[in-house]
Amino acid sequence: MQNHETDKQGIAKKAGEFLIGNDLRVTRLGFGSMRITGDGIWGEPAERAEAVRVLRLAVELGINFIDTADSYGPHVSEEIIAEALCPYPAGLVIATKGGFDRPGPNQWVENGRPEHLRSACEGSLRRLRLNRIDLYQLHRIDPKVPAEDQLGTLKDMQAQGKIKHIGLSEVSVKQIRHARTIVPIVSVQNRYSITDRGSEDVLEYCEQEKLGFIPWFPLAAGRVSGSESPIGRMAARWKATASQVALAWLLARSPVMLPIPGTSKVEHLEENVAAAELKIDANKMQELDRMARAS
Ligand SMILES: NC(=O)c1ccc[n+]([C@@H]2O[C@H](COP(=O)([O-])OP(=O)(O)OC[C@H]3O[C@@H](n4cnc5c(N)ncnc54)[C@H](OP(=O)(O)O)[C@@H]3O)[C@@H](O)[C@H]2O)c1
């Protein structure tokens, strides 16, 4: 598994499928496109042509669920997705988000005012060259604006046919329950990985309610990858890489789990997608859980 091949068409499908909102059938291993931007998630990526190659290869490898946001770049990630993949293949689900202003590199300022969300959604539709966004996620619930106003705006956009489904990001169980009294919610995107289990209660709620759980930072960047990490040493015994084990663990953890590892490099994409072929049985799961608790 450590030797990456480029002729592995469709292998992501081995991760199995999930129905988002009961009607969008996606391969459970998706792709996060925050990293196809410049430093600080700002401006152009160092190698735009490589970013285009990564996206096209992701689809060839069987990925049909791509996560992005208007704030990545800002705008750059959505523009590169359209450049690389439009006209989109049937069944490709692009999930985007709105709810942040970006004053500069590494700066993220919540903005859930209805006029901002409306123009953010219109901008995403334009850049992605879509008539309707399959999954539109509120990037954050802005504490300065009533949740009713933020989700009510998305509900209006949905009624106008501009959004198919609505998702949340970085929320508690209490916030999800409240949001669901305003509008149907189909997915939750929270930070979660084998070494970062703060959202365990949210995952359990999503499992119980059959909402998609989209863990961001699934590789916990440096902490998980690398052959010298505890997971790296365990992975070597299983003839896999640390990133592959971290992703396979997520896929095994819950049937509602939709990991979206991000990369700007073809080589890392091939490595990550090969995780779909790695099965984590109950013994390996226990071993990994013990290791993650100890680290
Ligand atoms: N909802 C939110 O608030 C939120 C926040 C952050 C992210 N997200 C979403 O979640 C996605 C994933 O999150 P993330 O990008 O922060 O975390 P991640 O996928 O865990 O890590 C990505 C980082 O790991 C590196 N990497 C990827 N594959 C690797 C491999 N096989 N070996 C070594 N390094 C590897 C990438 O660098 P290279 O480019 O060098 O491969 C990149 O720096 C994002 O793309 C975005 O769509 C959402």
Side-chain angles (χ1 to χ4, degrees), residues 12 17-28 30-34 36-37 48 51-52 54-102 111-141 149-169 179-180 182-189 211-212 214 258 260 262:
E17 292 182 335
F18 181 75
L19 272 184
I20 298 178
N22 270 327
D23 61 6
L24 294 175
R25 188 175 293 281
V26 296
T27 297
R28 285 211 294 139
F31 178 76
S33 52
M34 186 179 84
I36 54 167
T37 60
R48 190 178 173 110
V52 168
V54 165
L55 286 162
R56 290 183 179 156
L57 181 62
V59 171
E60 270 175 46
L61 294 177
I63 287 176
N64 69 351
F65 179 52
I66 296 180
D67 182 74
T68 184
D70 66 334
S71 50
Y72 298 163
H75 304 170
V76 174
S77 171
E78 291 182 332
E79 284 164 1
I80 298 180
I81 290 171
E83 176 190 329
L85 300 175
C86 203
Y88 299 115
L92 181 71
V93 172
I94 299 174
T96 191
K97 317 179 200 76
F100 272 125
D101 280 328
R102 295 294 313 277
N111 186 347
R113 282 182 293 117
E115 57 275 26
H116 172 80
L117 292 177
R118 264 193 297 274
S119 75
C121 180
E122 295 286 0
S124 291
L125 282 164
R126 212 171 39 247
R127 282 183 294 278
L128 289 168
R129 302 177 211 163
L130 289 169
N131 295 324
R132 186 183 65 179
I133 291 164
D134 278 337
L135 175 61
Y136 196 81
Q137 303 155 100
L138 184 58
H139 217 149
R140 292 291 183 275
I141 298 177
D149 293 357
Q150 300 175 66
L151 290 159
T153 303
L154 301 191
K155 193 176 175 179
D156 289 347
M157 307 292 285
Q158 191 174 45
Q160 290 164 26
K162 295 181 175 174
I163 293 175
K164 184 166 176 65
H165 290 300
I166 297 171
L168 299 172
S169 170
R180 295 178 84 192
I182 304 165
V183 68
I185 298 294
V186 300
S187 65
V188 173
Q189 184 169 144
L211 306 179
I214 306 167
L258 309 173
I260 46 165

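Computed from a prediction, not measured in an experiment: that's the story for all the values here. Every heavy atom of this structure was used, including side-chain atoms; hydrogens, water molecules and symmetry mates were not.
- Using a 4.5 Å heavy-atom cutoff, the side chains of L55 and I81 are in contact.
- Between the Y88 side chain and the L128 main chain, a donor and an acceptor come within less than 3.5 Å of each other.
- When the side chain to side chain donor-acceptor pair (under 3.5 Å) test is applied to R140, the partners found at least two apart in sequence or on another chain are S169.
- Summarising the local packing, CG of D23 is surrounded by more than 12 heavy atoms from other residues, nucleotides or ligands at distances under 6.0 Å.
- In this structure, the side chain to side chain donor-acceptor pair (under 3.5 Å) partners of R48, at least two apart in sequence or on a different chain, are E44, E83.
- For T37, there are no side chain to side chain donor-acceptor pair (under 3.5 Å) partners two or more places apart in sequence or in a different chain.
- In this structure, L168 and A179 approach most closely via the heavy-atom pair CD1-CB, 3.7 Å.
- One finds the CZ atom of F100 at 9.5 Å from the CG atom of L138 (value rounded to the nearest 0.5 Å).
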Inset, instruction - Using the side-chain contact (heavy atoms from CB on, under 4.5 Å) rule, take I214 and L135 through it: C-alpha gap first, then chi angles, then the decisive distance, then the call. - result: CA-CA 12 Å; I214 306 167; L135 175 61; 4.3 Å; yes

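- Under the side-chain contact (heavy atoms from CB on, under 4.5 Å) criterion, R132 pairs with D134, K164, sequence neighbours left out.
- Annotation: side chain of I36 is not in contact with side chain of T68 (no heavy-atom distance under 4.5 Å).
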Inset, instruction - Please step through side-chain contact (heavy atoms from CB on, under 4.5 Å) for the pair D70 and R127, ending with a clear verdict. - result: CA-CA 9 Å; D70 66 334; R127 282 183 294 278; 3.5 Å; yes

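- Minimum heavy-atom separation, P89 to V59: CG-CG1, 3.9 Å.
- For Q137, the side chain to side chain donor-acceptor pair (under 3.5 Å) partners at least two apart in sequence or on another chain are D67, Q189.
- Residues satisfying the side-chain contact (heavy atoms from CB on, under 4.5 Å) criterion with A69, sequence neighbours excluded, are S71, Y72, K97, H139.
- A pairwise comparison of heavy atoms in I80 and A51 identifies CG2-CB, 4.2 Å as the closest pair.
- Looking only at distances, a side-chain donor or acceptor of S77 sits under 3.5 Å from a matching main-chain atom of S33.
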Inset, instruction - Start with the C-alpha distance between H165 and S187, add both sets of side-chain angles, then the distance that settles side-chain contact (heavy atoms from CB on, under 4.5 Å), and finish with yes or no. - result: CA-CA 9 Å; H165 290 300; S187 65; over 6 Å; no

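- With sequence neighbours excluded, no residue forms a salt bridge (charged side-chain N to carboxylate O under 4.0 Å, His left out) with R102.
- Between the CD atom of Q150 and the CD1 atom of I141 there is a distance of 6.5 Å, given to the nearest 0.5 Å.
- Partners of R180 under the side-chain contact (heavy atoms from CB on, under 4.5 Å) rule, at least two apart in sequence or in another chain, are I176, I185, Y205, E209, L211.
- In this structure E17 satisfies the side-chain contact (heavy atoms from CB on, under 4.5 Å) test together with R25, sequence neighbours excluded.
- For the salt bridge (charged side-chain N to carboxylate O under 4.0 Å, His left out) test, no residue two or more places apart in sequence or in another chain qualifies with R118.
- We find the CG-CG distance between L117 and N111 to be 7.0 Å, quoted to the nearest 0.5 Å.
- The line from SG of C121 to CZ of R126 is 10.5 Å long, rounded to the nearest 0.5 Å.
- Residue F65 forms a side-chain contact (heavy atoms from CB on, under 4.5 Å) with just one option from L24, I20, I94, and that option is I20.
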Inset, instruction - Applying side-chain contact (heavy atoms from CB on, under 4.5 Å), run through L125 and I133 and close with a yes or a no. - result: CA-CA 7 Å; L125 282 164; I133 291 164; 3.7 Å; yes

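- In terms of heavy-atom proximity, T153 sits nearest to D149 at OG1-O, 2.6 Å.
- Using a 4.5 Å cut-off on side-chain heavy atoms (C-beta onward), K155 and L151 make no contact.
- I163 approaches L154 most closely through the heavy-atom pair CD1-O, 3.9 Å.
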